[in-house]
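In what follows, a structure is listed as structure tokens, so that the remarks can point back to it.
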Amino acid sequence: MSIPHRKIFSYILLGVALVGVIFVITSTVHAQRMKAEGISLSELYQPDPNLAAQALDSLNANSSGGGEDLLPPDPFQDQCLHCHILGEETRLWTPFIRWATFGTIALVFVFAVYQNASVWGNRKPWVPIVTRVSEWLDARYQTQEFLSTFLKKPVPIWATRWWYCLGGITAFLFVVQGITGVLLAFYYIPTPEEAYASIQFIESQVLFGASIRAIHHWSANGMVIMCFAHLLRVFIMGAFKPPRELNWSSGVLLLLFTLAFGLTGYLLPWDQRAYWASTVATEIAGAFPHIGELILVMLRVGWNVTGETLSRFYAMHILVLPVMIIAVMGLHFIMVRRQGVTQPL
Amino acid sequence: MTESNEKQEKTIPFYPDHFMSEFRVTIAIAVILVIIGAVALIYPVGLGEPADELKTPEHIKPEWYFLGLYQLLKYIPKTAGVLLPILGVILVLIWPFIDKKPDTKRQMRIRLIGSILFTIILVALTIWGEVS
């Protein structure tokens, strides 16, 4: 006999029985009240042949615009008209069957309570759900060992000074950019005809659209500043020295990606500022000797900033750059975790 | 006191000690962002005139983080103005492969002064570009 099955079954019965018990109690209370009010059940529950006809009449009057309001319901009128109008309540069988049905269910309920309560003595000690989930996972994937080495890694006390959190703030702002960027992309339309209007729509119609855009805007600027501050901190403290060369190089790449995010994102509102700022910025790239024009045409998709430029910048901004920056960020973090924070002089 | 004990004393576990202090910083930033969002409900970021390729505005400016570079380009030859930042970026990228010697206090001071000077020049160029 497997206990879990029996348990589940008894829980279902328990639920059904509970409903039954509540029903029995309420109907009993109702009957008691009727008795106290001196209302005869047989009198009250007499089927009224005119009732249906009256209801039909008043419905007709309402639908044809007669203006005659329906009367408020009688306060002592029974709620369960379906049975009582038909006159079933006058017989003995209805209450008898009701008591038999719900009484049986109540007996089963009592039995189930007893069954469940009887195992209380030799129950397993209670374990929080989080612990149970982590144990379940650990039994399958041995997560505990990895997690404890990850979480319990000792952090030197000097690495808790405030200037060590600049890189972490940059990473957090990147996450914010990702979330707000996705929210903006739900409404933004990257065509020259629609881009401006869709941003106006975000600012004026979308719920908290202006907030989301402002957070995306300002945390983009914050990310550039924090990135630069982190670079300066690492440079001044000499944290780039061997064996951390690749940390530094990947970090510089991340700064370049951040600037590329800024460059491609700036064009998207498609207003005068955005348009001409992008024109100027791509012109700087065009001054590169020999391959300048090629770069310019590659960036603008033609000689001028057009709708194709907008499409390309949008694709770079939401598809290419995120993938690249997340990959390099992952490497950056893994390398930092492996080597730890540099000890200052 | 043994060596390992000494080492133990100078570190804290990442979780929960260090994690909680990082978490507090994150919450502080999040609060600032929420305030920005709340302010934006009254004063949104806004938009300028719609883009018009036939109408060039009087003062064209790139984003503020390219403004210093843009200002520099106005006063030095174009080719040099493009090559300099690219060479600069490449130099910065491979910097740890050039500067390999163990660090000293003196080097650190030189780097500090250099960084401050670079930042001041960059900020000055940016402000100049913004007001010009």
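Per chain, numbering begins at 1; letters A, B, ... match sequence-line order. Every heavy atom of this structure was used, including side-chain atoms; hydrogens, water molecules and symmetry mates were not. Source: prediction; values computed, not measured.
Interface summary for chain B: among Val252(A), Ile225(A), Leu231(A), the most heavy-atom pairs under 4.5 angstrom belong to Val252(A). Ranking His18(B), His59(B), Glu63(B), Arg109(B) against chain A, the residue ahead of the rest is Glu63(B), based on heavy-atom pairs under 4.5 Å. Between chain B and the residues Gly238(A), Ala281(A), Ala274(A), Ala210(A), the most heavy-atom pairs under 4.5 angstrom are made by Gly238(A). Across Leu263(A), Thr306(A), Thr279(A), the residue that shares the most heavy-atom pairs under 4.5 angstrom with chain B is Leu263(A). Looking only at heavy-atom pairs under 4.5 Å with chain A, the residue among Leu73(B), Leu41(B), Ile113(B) that has the most is Leu41(B). For chain A, the option among Ala38(B), Pro57(B), Pro44(B), Pro13(B) with the highest count of heavy-atom pairs below 4.5 Å is Pro57(B). Top candidate by heavy-atom pairs under 4.5 Å with chain B, chosen from Lys153(A), Lys152(A), Gln200(A), Arg213(A), is Arg213(A). When each of Thr104(B), Ile116(B), Asp99(B) is checked for heavy-atom pairs under 4.5 Å with chain A, Asp99(B) comes out on top. Put simply, of Thr180(A), Asn221(A), Leu246(A), Val305(A), the one with the most heavy-atom pairs under 4.5 Å next to chain B is Asn221(A). Between chain A and the options Leu93(B), Leu112(B), Asp17(B), Ile86(B), the largest number of non-hydrogen pairs under 4.5 Å is found for Leu93(B). Taking Tyr275(A), Phe150(A), Tyr196(A) one by one and counting their heavy-atom pairs under 4.5 Å with chain B, the maximum is reached by Tyr196(A). Among Pro85(B), Ala30(B), Gly37(B), Gly114(B), the residue with the largest count of heavy-atom pairs under 4.5 Å with chain A is Gly37(B).
If you measure heavy-atom distances from Val25(B) to chain A, the contacts under 4.5 Å come from the side chain alone. Using a 4.5 Å cut-off between heavy atoms, Ala197(A) makes no contact with chain B at all. Proximity to chain B (any heavy atom under 4.5 Å) is restricted, for Ile169(A), to the side chain, taken from C-beta onward. Of the two parts of Ser21(B), neither the backbone nor the side chain holds a non-hydrogen atom closer than 4.5 Å to a non-hydrogen atom of chain A. Of the atoms belonging to Thr56(B), heavy atoms from both backbone and side chain fall under 4.5 Å from chain A. With a 4.5 angstrom heavy-atom cutoff, Leu33(B) touches chain A via backbone and side-chain atoms both. Using a 4.5 Å cut-off between heavy atoms, Ile32(B) makes no contact with chain A at all. At a 4.5 Å heavy-atom cutoff, the contact between Lys100(B) and chain A is made by backbone and side-chain atoms alike. With a 4.5 angstrom heavy-atom cutoff, Leu122(B) touches chain A only via side-chain atoms.
Closest heavy-atom contact between Met237(A) and Asp103(B): O-OD2, 3.8 Å. In terms of heavy-atom proximity, Asp271(A) sits nearest to Gly48(B) at OD2-N, 2.8 Å. Closest approach of Pro269(A) to Leu47(B), counting heavy atoms only: CB-CD2, 3.6 Å. In terms of heavy-atom proximity, Ile12(B) sits nearest to Thr160(A) at CD1-CG2, 3.6 Å. A pairwise comparison of heavy atoms in Ala40(B) and Ala214(A) identifies CB-CB, 3.2 Å as the closest pair. Taking every heavy atom of both residues into account, Ala277(A) and Ile60(B) meet most closely at N-CG2, 4.4 Å.
At least one side-chain heavy atom of Trp248(A) sits under 4.5 Å from a side-chain heavy atom of Val92(B). Within the 4.5 Å cutoff, no side-chain heavy atoms of Phe19(B) are placed close to those of Leu151(A). Side-chain contact between Arg273(A) and Glu49(B): absent, with no pair of heavy atoms (C-beta onward) separated by less than 4.5 Å. Taking the side chain as every heavy atom from C-beta outward, Lys61(B) and Val280(A) never approach each other to under 4.5 Å. Counting heavy atoms from C-beta on, the side chains of Phe288(A) and Thr79(B) never come closer than 4.5 Å.
Rounding to the nearest 0.5 Å places CD of Gln107(B) at 14.0 Å from CD1 of Ile236(A). Here the straight-line distance linking atom CG of Leu232(A) with atom OG of Ser115(B) works out to 5.5 Å at 0.5 Å rounding. How far CD1 of Ile29(B) is from CG of Leu173(A): 6.0 Å, rounded to the nearest 0.5 Å.
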Is there a side-chain contact (heavy atoms from CB on, under 4.5 Å) between Thr11(B) and Ile157(A)? Walk through the geometry before answering. CA-CA 5 Å; Thr11(B) 63; Ile157(A) 204 86; over 6 Å; no

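Remark: side-chain polar atoms of Lys241(A) are not paired, donor with acceptor, to backbone N or O of Pro96(B) under 3.5 angstrom. Here the side chain of Arg111(B) pairs a donor or acceptor atom with the backbone of Phe235(A) at under 3.5 angstrom.
Applying the 6.0 Å contact sphere to CZ of Phe97(B) captures more than 12 heavy atoms from other residues, nucleotides or ligands. For CH2 of Trp218(A), the number of neighbouring non-hydrogen atoms (other residues, nucleotides, ligands) closer than 6.0 Å is 12 at most. In the displayed structure, Tyr75(B) atom OH is contacted under 6.0 Å by more than 12 heavy atoms of other residues, nucleotides or ligands.
The aromatic rings of Phe228(A) and Phe118(B) sit tilted relative to each other, their planes meeting at an angle between 30° and 60°.
With a 6.0 Å cutoff to the six-membered ring centre and a 45° limit on the axis angle, Arg337(A) counts as a cation-pi contact of Phe14(B).
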